[in-house]
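Let me begin by presenting the structure, written as structure tokens, before commenting on it.
Both ligands and their constituent atoms are indexed starting at 1 by order of listing.
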Amino acid sequence: MSGTIIVGGFFGDEGKGKIVAHVANKDKAAIIARGGVGPNAGHTINVNDTKYVVRMVPSGFLYPPAQLMIGSGVLVDPRVFAHELDLLKCSGRTKIDGRCGVIEPEHIQLDKTDPNLSKKVGSTGSGCGPANSDRVMRRSRLARDVPELAPYITDVAEDVNAALDEDKSVIIEGTQGFGISLYYGNYPYTTSKDTSASQMAADVGVGPTRIDDVIVVFKAFPTRVGEGPFPTELTHEQSISLGIQEFGAVTHRERRIGTWDGEMARYSAMINGCTSIALTGIDHIDKSVYAATKYSELTPKALKFIETVENDTKKPVGIISTGPDQSHIIDIRDEL
Ligand code: IMP
Ligand code: MG
């Protein structure tokens with residue numbers, strides 16, 4: 001039983017939602033606690049023919065025994081939160097920390113109209129940057145000040161640390177990706193907070209000594225939404241000819257697509273304190289491994305790619321996602 005952090009290694013949208021849902025099931029998580037910025041994130045999970053996109057509730061909602069929590073470092077938009085509880089029918093097991101900062105309609109308005117945020121940075125327009133700014137100015141409302149949120153308030157740090165004391169399995173779900181970290185990404189083309197594993201632990205109130213595993217999720221073909229440098233970016237024609245086209249879960253903007261960036265992966269694995277890698281989109285490297293569920297089904301081409309990832313990062317690949325559905329996955333963490 002353990003404390004596991006799951007974070008995005010590139011620019012976000014690596015498929016963390018699916019990996020979190022998988023690890024929650026496999027490791028029988030008692031708590032899945034979300035860190036990260038706020039509802040600028042969109043985590044997509046496909047089960048059979050149903051597609052879920054969550055922006056506030058942790059992606060582990062698909063594992064019913066787990067408690068779902070939002071840590072004090074995460075911004076809460078009460079409207080998005082209420083909508084998701086309703087949609088996912090998980091209000092009985094979802095809690096938020098009373099110290100979460102609150103996103104107000106004015107924050108969204110400012111995020112969408114400020115030229116620096118909306119045009120230069122290309123923000124998601126969800127109000128996160130202006131809300132974090134108000135928090136730093138110490139004038140924002142907190143979740144505990146919002147009557148509608150009262151039934152859901154808890155001390156997430158207390159609950160998560162108590163579960164770890166009882167040797168239960170806790171997953172800390174990161175959002176966004178390493179490349180858009182306010183501290184380590186390509187400033188100013190970043191989100192409004194750090195996005196590394198240490199930040200996720202701090203967001204839910206867990207100290208670094210309590211973490212056993214940090215799973216960094218990398219996409220075989222990284223993507224980026226919004227502005228900013230992207231050294232391995234493909235042209236639109238190139239990505240289409242590879243059969244890859246993606247749209248943002250929150251903004252529906254078309255994502256920019258690039259090829260594997262070994263140097264970025266190395267740096268990201270280092271700062272995240274990676275213990276193992278979850279690699280998604282390997283079916284784009286070799287279409288014949290689509291939907292594979294066993295390591296023995298991987299082709300020489302797919303295996304060679306995994307070797308490249310391991311050589312670049314010096315970390316083992318423990319989970320391989322072979323397609324969009326929740327069932328399209330290979331997990332060899334027990335053999336590492
Ligand atoms: P903001 O976080 O909405 O201020 O947006 C700042 C930058 O981060 C923009 O380029 C966004 O597209 C990007 N961004 C923020 N959250 C995510 C995410 O969850 N996935 C991918 N990109 C994101
Ligand atoms: Mg996303």
Side-chain angles (χ1 to χ4, degrees), residues 6-21 34-46 51-59 70 73-77 80 84 101 103 107-136 173-196 199-200 203 216-219 221-230 233 246-258 264 268 278 280-281 321 324:
I6 300 177
V7 281
F10 283 138
F11 299 99
D13 309 309
E14 297 89 355
K16 292 178 290 297
K18 170 175 176 171
I19 303 300
V20 169
R34 245 202 64 168
V37 185
N40 49 351
H43 286 179
T44 306
I45 302 128
N46 294 286
K51 176 175 165 176
Y52 303 89
V53 176
V54 287
R55 296 172 57 194
M56 294 263 42
V57 170
S59 305
I70 300 177
V74 181
L75 293 162
V76 171
D77 183 328
V80 177
E84 288 184 7
I103 298 181
H107 293 136
I108 297 174
Q109 179 68 13
L110 184 58
D111 205 4
K112 288 182 171 160
T113 51
D114 177 82
N116 186 49
L117 294 178
S118 66
K119 298 227 161 54
K120 184 172 173 193
V121 174
S123 82
T124 60
S126 50
C128 291
N132 269 336
S133 159
D134 270 356
R135 177 96 195 228
V136 172
E173 170 175 346
T175 63
Q176 285 76 42
F178 179 76
I180 57 171
S181 162
L182 181 64
Y183 297 163
Y184 299 107
N186 326 108
Y187 184 86
Y189 304 102
T190 65
T191 189
S192 51
K193 215 169 88 179
D194 179 29
T195 55
S196 67
Q199 178 69 64
M200 301 307 160
D203 283 347
V216 181
V217 188
F218 288 112
K219 230 172 173 172
F221 284 89
T223 59
R224 180 164 197 161
V225 279
E227 304 307 314
F230 192 1
E233 186 168 11
E246 295 184 20
F247 294 89
V250 175
T251 58
H252 310 295
R253 288 180 291 187
E254 187 161 2
R255 292 180 185 151
R256 300 155 66 192
I257 312 234
M264 181 176 178
S268 169
T280 60
S321 169

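- At least one heavy atom of Phe11 sits less than 4.0 Å from an atom of ligand 1.
- The heavy atom nearest to atom 5 (O) of ligand 1, considering only Ser123, Gly226, Gly228, Ser181, is found in Ser123.
- A heavy-atom separation below 4.0 Å is not found between Thr175 and ligand 1.
- Of the options Arg255, Arg256, Lys18, a salt bridge (Lys or Arg N to Asp or Glu O under 4.0 Å) to Asp13 is made by Arg255 and by none of the others.
- Protein heavy atom closest to atom 2 (O) of ligand 1, with residue, atom name and distance, is Thr191 OG1, 2.6 Å.
- Nearest to atom 22 (N) of ligand 1 among the protein's heavy atoms is Val225 CG2, 3.4 Å.
- Every atom of ligand 1 is numbered from 1 in the order shown, and the set under 4.0 Å from a heavy atom of Arg253 is 11 (C), 12 (O).
- To the nearest 0.5 angstrom, Arg34 atom CZ is 8.5 Å from Met200 atom CE.
- For residue Gly42, an N/O/S atom approaches the Mg ion (ligand 2) to within less than 2.8 Å.
- Shown here for Ser181 and Thr190, the closest heavy-atom pair between the two residues is O-CG2, 3.3 Å.
- Considering both main-chain and side-chain atoms, Gly129 never comes within under 3.5 Å of ligand 1 through any nitrogen or oxygen pair.
- For the residue pair Asn40/Thr191, the side-chain donor-acceptor check at 3.5 Å is satisfied.
- Taking the Mg ion (ligand 2) as reference, Asp13 places its N/O/S atom OD1 nearest.
- To the nearest 0.5 angstrom, Glu246 atom CD is 15.0 Å from Arg224 atom CZ.
- Here the straight-line distance linking atom OH of Tyr183 with atom NZ of Lys193 works out to 9.5 Å at 0.5 Å rounding.
- Residue Ser126 places no N or O, backbone or side chain, under 3.5 Å from any N or O of ligand 1.
- Here the closest heavy-atom approach between residue Leu75 and residue Ala131 is recorded as CD2-CB, 3.8 Å.
- Which of Ile180, Leu182, Asn186, Thr190 comes nearest to atom 7 (C) of ligand 1 through a heavy atom is settled by distance: it is Thr190.
- In this structure, the protein non-hydrogen atom closest to atom 21 (C) of ligand 1 is Asp13 OD2, 3.0 Å.
- Those atoms of ligand 1 that come under 4.0 Å of a heavy atom in Thr124, given as number and element, are 1 (P), 3 (O), 5 (O), 11 (C), 15 (C).
- No donor-acceptor pair under 3.5 Å is formed between the side chain of Gln109 and the backbone N or O of His107.
- Atom OG in Ser126 sits 6.0 Å away from atom CG in Asp111 (nearest 0.5 Å).
- Put simply, part of Gly122 is less than 4.0 Å from ligand 1, judged by heavy atoms.
- Looking only at heavy atoms of the protein, atom 17 (C) of ligand 1 is closest to Gln176 CG, 3.7 Å.
- Between the OG1 atom of Thr175 and the CD1 atom of Ile180 there is a distance of 8.0 Å, given to the nearest 0.5 Å.
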